[in-house]
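To start, the structure under review is shown below, and the notes come after it.
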Amino acid sequence: MEIRVLSQNLINQIAAGEVIERPSSVVKELIENALDAGANKIQINVRNAGKSYICVCDDGKGMSREDLELCILRHATSKLPTDDLSNINFLGFRGEALPSIASVSKMIITTNNGKESWALHIEGGVVKKIVPASFVIGTKIEVMDLFYNVPARMAFLKSDRSEMSAIIDVVERIALCHNDKSFFLNDTLKFNKTSRLNRVCDVLGKNCKDNLIEIDAVKHDLKISGFISRPTYNMATSSNQYFYVNGRALKDKLLFGSLKAGYMDVIEKGKFPVCALWIDIPLSDIDVNVHPQKAEIRFKNQADVRGAIVSLIRSYLSNANVNVDVIDVEKSFNIGMLNSNKFNEVKEEKFEFSQKNNNAFVNDTHQKTFLNEISSLSVNSQTINIDNNDKFVEMESLPLGVARGQVHNTYIISQVEDGIVIVDQHACHERIVYEKIKKEFLSGGIKRQIMLIPEIIELGEKKAFVLLDMKDDLLKFGLDIDDFGSGSVIVREVPAILGDVNLKSLIENIVDDVESFNKIDVLEDKISMIAKTYACHTSIRAGRSLTIDEMNNLLRQVEESENSGQCNHGRRSYVKISLKDLEKLFDR
């Protein structure tokens with residue numbers, strides 16, 4: 001078969017396969033062109049989820065007739081005045097979008113540059129006519145019957161609901177970055193000019209405002225600003241994570257990975273934080289010409305970028321005020337229930353009253369001394385004598401107050417000046433242990449103790465290989481293992497902090513967690529995972545009865561611990577009910 005040169009229109013259709021995947025791709029390219037043209041107001045209208053009609057109208061500078069004729073030619077652009085691909089200051093620059101869209105649709109471009117107004121009609125990449133038009137300053141691009149001449153592409157489009165959702169996502173993603181401009185999608189989605197924070201709340205939801213931490217810092221020639229969520233405010237997917245580099249919206253793996261690493265210590269696996277981050281970086285340090293839709297970029301110094309983002313996120317999370325959740329009684333409880341007959345039918349809880357535990361409702365049986373088990377974690381504490389009013393008031397003024405009792409052997413009830421705090425004892429102690437393990441590791445390694453009788457654990461060939469592959473990492477954490485053959489490992493030394501723990505269960509959990517990190521080769525991720533597994537196995541459990549002294553000792557340690565507002569999995573470790581809301585419960 002002879003080699004032949006493809007026609008220009010076929011070349012454009014092939015390019016459209018890379019640049020224009022679906023209606024939302026058209027919307028993205030046309031909005032970016034409008035922003036490059038200096039538009040302040042952009043109106044988007046679509047019908048049939050963009051399959052039959054897309055219109056993007058802007059109030060930008062418009063085009064002359066000559067520019068209008070050139071704009072639909074492949075690689076014709078006004079955005080590379082110096083032909084320097086390392087100095088791109090526009091969202092578009094290749095000159096591919098309009099000819100690609102035109103080749104797979106019927107298009108009308110109407111424009112007015114303040115001096116002249118024209119309309120260009122093009123069908124399947126072929127210009128039909130160019131005529132004078134009556135139009136205000138700006139440009140309107142109408143795209144009809146998308147993929148009408150490429151039925152194979154039309155067959156791959158999803159339902160109208162899915163395609164419309166993708167269009168909304170594109171508009172929100174771009175609008176979030178340009179809060180100084182107005183965007184309107186049909187008659188349903190409206191973004192007026194506003195502050196950055198208000199635009200973030202418009203996109204992410206009003207309820208996120210109190211759960212955001214503002215970031216504004218410079219590191220490694222990067223200026224990073226925007227908002228990240230508190231660990232307890234997270235989502236089931238990464239759809240609410242927005243990144244912008246030099247004003248360009250991106251879905252970049254390096255950025256998503258950096259965010260995940262920044263939250264590694266404080267969020268549950270499978271949960272995703274919310275963020276809207278703007279990164280300004282010298283143009284010479286990035287290459288934006290690496291993805292057909294410009295959704296990813298290449299950083300010259302990837303390690304510096306990742307390190308800067310991770311360290312800044314961790315710094316802001318650790319220094320931010322803990323957001324103690326205040327329960328709104330009217331929303332969380334059915335107040336009407338208190339006045340109904342149903343309230344009288346609620347089965348009364350039977351508490352065991354213990355005078356020696358300072359008039360607290362606690363079960364005093366089968367108690368073990370928590371202070372002895374975590375002596376290495378203990379801080380100086382004093383017995384709280386409730387009769388000593390001065391001491392009581394002093395403790396009550398502390399962030400987590402003074403313990404008054406324990407319910408269900410799981411939750412500590414403490415009194416503060418303006419309400420009560422309910423503390424999850426396992427979640428709090430898990431955080432304390434985790435922070436201690438990290439400090440021991442960073443200060444030279446975790447202390448080990450030799451087992452009198454080494455333990456042999458059968459895992460199977462695959463799991464044994466996974467575990468032995470990170471033998472050196474585990475040794476730093478005080479776990480000395482070796483191959484014992486036939487899918488088994490032998491454990492000779494264990495971390496001193498573990499104490500009496502089910503070693504087989506611990507090893508199996510580590511293997512399961514390591515396997516979930518197969519695609520992540522960053523050591524700090526593995527370190528965090530191992531530390532979390534240790535912390536979970538060595539923390540006091542739910543259902544464990546504590547004395548008042550033990551409760552107060554735990555509260556003081558929580559106050560001194562970093563990231564104490566949530567456990568290692570991102571769940572809140574304590575909540576607060578204000579005195580005002582307590583009074584609402586009793587109609588006071």
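Note that the coordinates shown come from a computational prediction; the quantities given were computed from them, not determined experimentally.
We find the CD-CZ distance between Glu21 and Phe147 to be 8.5 Å, quoted to the nearest 0.5 Å. Going from atom CG of Leu157 over to atom CD of Glu163 covers 5.0 Å, rounded to the nearest 0.5 Å. The CD1 atom of Ile215 lies 8.5 Å from the SG atom of Cys275; values are rounded to the nearest 0.5 Å. Interatomic distance, CD1 of Ile228 versus CG of Leu312, reported as 9.0 Å (0.5 Å rounding). Considering CD1 of Ile168 and CZ of Arg173, their distance stands at 13.5 Å, rounded to 0.5 Å. Going from atom CG of Leu467 over to atom CD1 of Ile457 covers 8.5 Å, rounded to the nearest 0.5 Å.
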Would Met451 and Val494 satisfy side chain to side chain contact (heavy atoms under 4.5 Å, CB included), going step by step from the backbone distance to the final call? CA-CA 7 Å; Met451 300 184 68; Val494 295; 3.7 Å; yes

*Decide side chain to side chain contact (heavy atoms under 4.5 Å, CB included) for Ile490 and Ile481; before the verdict, give the C-alpha distance in whole Å, the side-chain angles of both, and the deciding distance to 0.1 Å.*
CA-CA 6 Å; Ile490 183 169; Ile481 64 170; over 6 Å; no

Derivation of the side chain to side chain contact (heavy atoms under 4.5 Å, CB included) call for Arg431 and Ser573: CA-CA 9 Å; Arg431 168 58 62 182; Ser573 54; over 6 Å; no

| request: Any chance you could lay out the side chain to side chain contact (heavy atoms under 4.5 Å, CB included) test for Asp304 and Phe299, step after step, and finish with the verdict? | output: CA-CA 9 Å; Asp304 288 347; Phe299 294 94; over 6 Å; no

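For the pair Ser24/Ile167, a side-chain contact is recorded, criterion being any heavy-atom separation below 4.5 Å from C-beta on. Residues Asn409 and Gln406 form a side-chain contact, since some pair of their non-hydrogen atoms from C-beta on lies under 4.5 Å apart. The shortest side-chain heavy-atom distance between Pro273 and Ile267 falls under the 4.5 Å cut-off. Considering only heavy atoms from C-beta on, Asp424 comes within 4.5 Å of Tyr411 through its side chain. A heavy-atom distance below 4.5 Å is found between the side chains of Tyr263 and Ser229. Looking only at side-chain heavy atoms (C-beta outward), Val489 and Asp482 stay at 4.5 Å or farther from each other. Side-chain contact between Asn240 and Phe272 is absent, with no heavy-atom pair separated by less than 4.5 Å. Tyr242 places none of its side-chain heavy atoms less than 4.5 Å from the side chain of Val200.
With respect to Arg306, the side-chain contact (heavy atoms from CB on, under 4.5 Å) criterion is satisfied by exactly one of Leu254, Asn301, Leu255: Leu254.
Taking all atoms of both residues into account, the shortest heavy-atom contact from Leu555 to Gly401 is CD1-O, 3.9 Å. Pairing each heavy atom of Leu398 with each of Val416, the nearest pair is O-CG1, 4.0 Å. When every heavy atom of Leu400 is checked against every heavy atom of Glu559, the shortest pair comes out as N-OE2, 2.8 Å. Ser25 approaches Ile20 most closely through the heavy-atom pair CB-CA, 3.8 Å. Of all heavy-atom pairs spanning Met551 and Ala403, the tightest one is CB-CB, 3.6 Å. Nearest heavy-atom pair across Leu317 and Pro231 is CD2-CD, 4.0 Å.
Ion pairing between a basic and an acidic side chain is recognised when a charged N comes within 4.0 Å of a carboxylate O; Arg556 and Glu560 show no such pairing. Between Asp216 and Lys223 there is a salt bridge, since a side-chain N of the basic residue sits under 4.0 Å from a carboxylate O of the acidic one. Salt-bridge formation is detected for the pair Lys251/Asp169: a Lys NZ or Arg NE/NH1/NH2 atom is positioned less than 4.0 Å from an Asp or Glu carboxylate oxygen.
A donor-acceptor pair is defined here as one N or O able to donate and one able to accept, closer than 3.5 Å; such a pair exists between the side chain of Ser311 and the backbone of Gly307. In terms of modelled atom types and a separation under 3.5 Å, the side chain of Asp469 and the main chain of Phe465 share no donor-acceptor contact.
In Glu455, the CD atom is crowded: over 12 heavy atoms of neighbouring residues, nucleotides or ligands sit closer than 6.0 Å.
Side-chain rings of Phe243 and Phe256 approach one another, their centers coming within less than 6.0 Å.
For Gln241, the side chain to side chain donor-acceptor pair (under 3.5 Å) criterion is met by no residue, not counting sequence neighbours.
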